[in-house]
Amino acid sequence: SREFRELARKVNPAVVRVTSIGYHQLEDDESDEPGVAARQHSTGSGVIIDPNGYVVTNAHVVLGAHKAQVTILERANASSGRDGRGAVHRRGLLAEIVGLDLETDIALLKVQASGLPTLRLADSDSVEEGQIVFAFGSPMGLDNSVTMGVISSTARQFRPDDPMIYLQTDASINPGSSGGPLVDADGNVVGISTMILTQSGGNEGLGFAVPSSVVANVVDQLRQTGKVVRGEIGVVAQTISPALARGWRLPRDWGVVIGDVDPDSTAARAGVQVGDVIEALNGRSVETARQFNVELYRPAAGATVGLDILRGEQKHHFNVRVREKDDDVKNYSDLASREENLIAELGVFVLDLTPRLRAKVAPERRDSGGVLVATREADGPEFEDNFQSGDVIYAVNREPVKDVQSLREVLRRFK
């Protein structure tokens with residue numbers, strides 16, 4: 001008990017509450033129309049990982065936020081005989097959203113402060129089932145809460161061959177705990193609490209955290225560029241099952257097979273074909289599609305990976321260049337998370353059409369100009385024909401629109 005109390009005193013100063021005000025895109029069961037965003041107030045947790053003010057939390061806590069605040073809880077010197085029970089002072093600091101990654105549900109914030117208490121991101125690959133862990137955060141707004149449990153699974157997936165894996169724990173996690181640290185008995189962060197599975201809406205012992213090794217990789221990229229770039233070679237990999245092996249007449253009933261190849265991909269140009277069995281990636285044996293996809297996340301765009309392929313009875317080796325993974329530009333709402341993207345007169349969030357976005361949404365149309373409708377504001381004005389996510393606005397009353405700024409200037413001239 002004494003060691004656990006010391007652990008709590010060590011960890012709590014680096015755990016913060018995160019509050020954001022902004023917009024989020026409504027789910028299918030919340031709106032009859034796709035691409036509608038509603039104003040929201042979100043509260044979650046976070047952990048300071050750098051004394052100069054870098055804070056990790058969940059992306060869903062700050063997604064669509066135009067204002068975010070980090071509340072640091074500072075405990076005054078404890079009175080004699082009541083170690084760790086001094087008065088708590090709350091210091092609220094405005095936070096800049098450095099970047100967020102929806103795939104891992106991780107966001108990096110920055111506050112203007114220095115000398116802050118921090119926690120270290122541990123190597124989650126060394127975590128084992130049955131290991132004692134502690135979840136810290138502000139469930140239901142109850143600051144400085146700590147719960148204890150064990151690691152139930154070290155590699156939980158929600159969909160077969162999904163490259164994203166989670167640590168599963170029975171440590172109590174509830175709404176408001178999102179973004180808080182899951183720590184080991186030494187007080188090192190092994191994961192960031194992100195979700196629960198529940199039928200009642202509260203904790204039922206099925207909590208999930210993003211492994212700290214994944215968090216570290218995401219945080220490094222967000223600090224450097226503000227975004228996360230992942231690699232791909234243009235193939236769909238599938239874990240081989242006995243039924244698949246029989247149906248495709250594969251040389252073995254385990255491992256990974258290429259289920260599809262993008263004709264314009266680097267893999268296709270290198271000679272990779274549908275039905276090829278992957279024996280190794282960069283010399284390392286590959287046993288599942290998830291392992292294959294995770295390994296492709298690591299190399300930078302432009303790097304080359306080596307594939308050892310079994311095609312029938314013949315073995316081949318291909319060197320394939322990694323390209324930047326193409327984002328699903330149908331999900332535009334995460335690109336319009338800043339306040340400057342809202343056009344209140346039309347009730348939409350709009351984006352400048354970068355060459356990459358233009359190639360996706362309007363490749364056969366005009367060569368320049370226009371703005372992309374990312375999402376529609378739920379509380380915005382209603383029109384006879386409402387805007388939809390993916391629409392491109394080229395002109396207002398026949399006056400061409402080149403970018404977001406020119407759209408604002410045109411609209412200012414109308415009552």
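With values rounded to the nearest 0.5 angstrom, N293 atom CG is found 13.5 Å from M164 atom CE. For the atom pair CG of L310 and CG of D276, the computed distance is 8.5 Å after rounding to the nearest 0.5 Å. We find the CG-OG distance between L206 and S152 to be 7.5 Å, quoted to the nearest 0.5 Å. Between D170 atom CG and S153 atom OG the span is 12.0 Å, to the nearest 0.5 Å. Here OG of S212 is found 8.5 Å from CD1 of I192. Values are rounded to the nearest 0.5 Å. Between the OG1 atom in T154 and the CG atom in D125 there is a gap of 9.5 Å [rounded to 0.5 Å].
Side-chain contact between P175 and M140 is present, with heavy atoms from C-beta onward closer than 4.5 Å. Contact annotation: the side chain of M148 approaches that of I132 to within less than 4.5 Å [non-hydrogen atoms, C-beta and beyond]. Between S42 and V62, the closest side-chain pair of non-hydrogen atoms is not below 4.5 Å. The shortest distance between side-chain heavy atoms of V111 and L116 falls below 4.5 Å. Contact check for Y166 versus V210: side-chain heavy atoms found under the 4.5 Å cut-off. Side-chain contact between L182 and I151: present, with at least one pair of heavy atoms (C-beta onward) separated by less than 4.5 Å. Looking at heavy atoms from C-beta onward, V274 lies in side-chain contact with W248 at the 4.5 angstrom threshold. Side-chain atoms of I49 and T118, non-hydrogen and from C-beta on, never get closer than 4.5 Å to each other.
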Handout entry: Test log, rule side-chain contact (heavy atoms from CB on, under 4.5 Å), inputs L109 and I97
Key = CA-CA 5 Å; L109 312 181; I97 301 175; 3.9 Å; yes
Exercise for the section: Walk me through it: do V219 and Y54 pass the test side-chain contact (heavy atoms from CB on, under 4.5 Å)? Expected result: CA-CA 10 Å; V219 166; Y54 284 97; over 6 Å; no
Practice task
Mind running side-chain contact (heavy atoms from CB on, under 4.5 Å) on V277 and R252 for me, showing each step along the way?
Solution key: CA-CA 9 Å; V277 174; R252 65 188 190 196; 3.7 Å; yes
Problem - side-chain contact (heavy atoms from CB on, under 4.5 Å) between N144 and V15, worked out - result: CA-CA 7 Å; N144 280 80; V15 180; 6.0 Å; no
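Minimum interatomic distance between L307 and I278 (heavy atoms only, all atoms of both residues): CD2-CG2, 4.5 Å. In terms of heavy-atom proximity, I173 sits nearest to S177 at CG2-CB, 3.7 Å. Annotation for I165 and P211: closest pair O-CD, 3.3 Å, computed over non-hydrogen atoms. Taking every heavy atom of both residues into account, V305 and N282 meet most closely at CA-OD1, 3.3 Å. Nearest heavy-atom pair across L100 and A59 is CB-CB, 4.0 Å. A14 and P117 make their closest contact through CB-O, 3.6 Å (heavy atoms, listed as atom of the first residue, atom of the second, distance).
A donor-acceptor pair under 3.5 Å is absent between the side-chain atoms of S285 and the main chain of A280, judged by distance alone. Under the 3.5 Å distance criterion, the side-chain polar atoms of T288 are left unmatched by any main-chain donor or acceptor of T239. Panel note: side chain K10, backbone L119; no donor-acceptor pair is recorded below 3.5 Å. Formation of a donor-acceptor pair under 3.5 Å by the D253 side chain with backbone atoms of S241 is not found in this model. Distance alone, capped at 3.5 Å, places no donor-acceptor pair between the S45 side chain and the G137 backbone.
With sequence neighbours left out, T266 forms a side chain to side chain contact (heavy atoms under 4.5 Å, CB included) with I233, R269, V320, R321. Under the rule for a side chain to side chain contact (heavy atoms under 4.5 Å, CB included), the partners of R90 that lie at least two apart in sequence or sit in another chain are R17, T71, L73, V88, D143. S406 pairs by the side chain to side chain contact (heavy atoms under 4.5 Å, CB included) definition with V401, K402, D403, not counting sequence neighbours. In this structure Q291 satisfies the side chain to side chain donor-acceptor pair (under 3.5 Å) test with no other residue, sequence neighbours excluded. Residues passing the side chain to side chain donor-acceptor pair (under 3.5 Å) test with R5, sequence neighbours excluded: S1. Residues satisfying the side chain to side chain contact (heavy atoms under 4.5 Å, CB included) criterion with K227, sequence neighbours excluded, are T225, V229, E324. Applying the side chain to side chain donor-acceptor pair (under 3.5 Å) rule to D262 yields the partners R323; only residues at least two apart in sequence or on another chain are considered.
Under the 3.5 Å distance criterion, with hydrogens and angles disregarded, a donor-acceptor pair is assigned to the side chains of S124 and S213.
A ring-ring contact (aromatic ring centres under 6.0 Å, His included) check over residues 121-154, counting only residues at least two apart or in different chains, returns the pairs F4-F134. The stretch residues 210-225 participates, sequence neighbours left out, in these salt bridge (Lys or Arg N to Asp or Glu O under 4.0 Å) pairs: D50-R223. Within the structure, side chain to side chain donor-acceptor pair (under 3.5 Å) contacts touching residues 104-113 (residues at least two apart or in different chains) are H60-D105, D101-T104, D105-T194. Contacts classified as ring-ring contact (aromatic ring centres under 6.0 Å, His included) and involving residues 254-284 (residues at least two apart or in different chains) are not found. Listed by first and then second residue, the ring-ring contact (aromatic ring centres under 6.0 Å, His included) pairs that reach into residues 188-214 are F158-F208, sequence neighbours excluded.
Results of the side chain to side chain contact (heavy atoms under 4.5 Å, CB included) test with R408 over L411, V410, V404 single out V404 as the only residue that passes.
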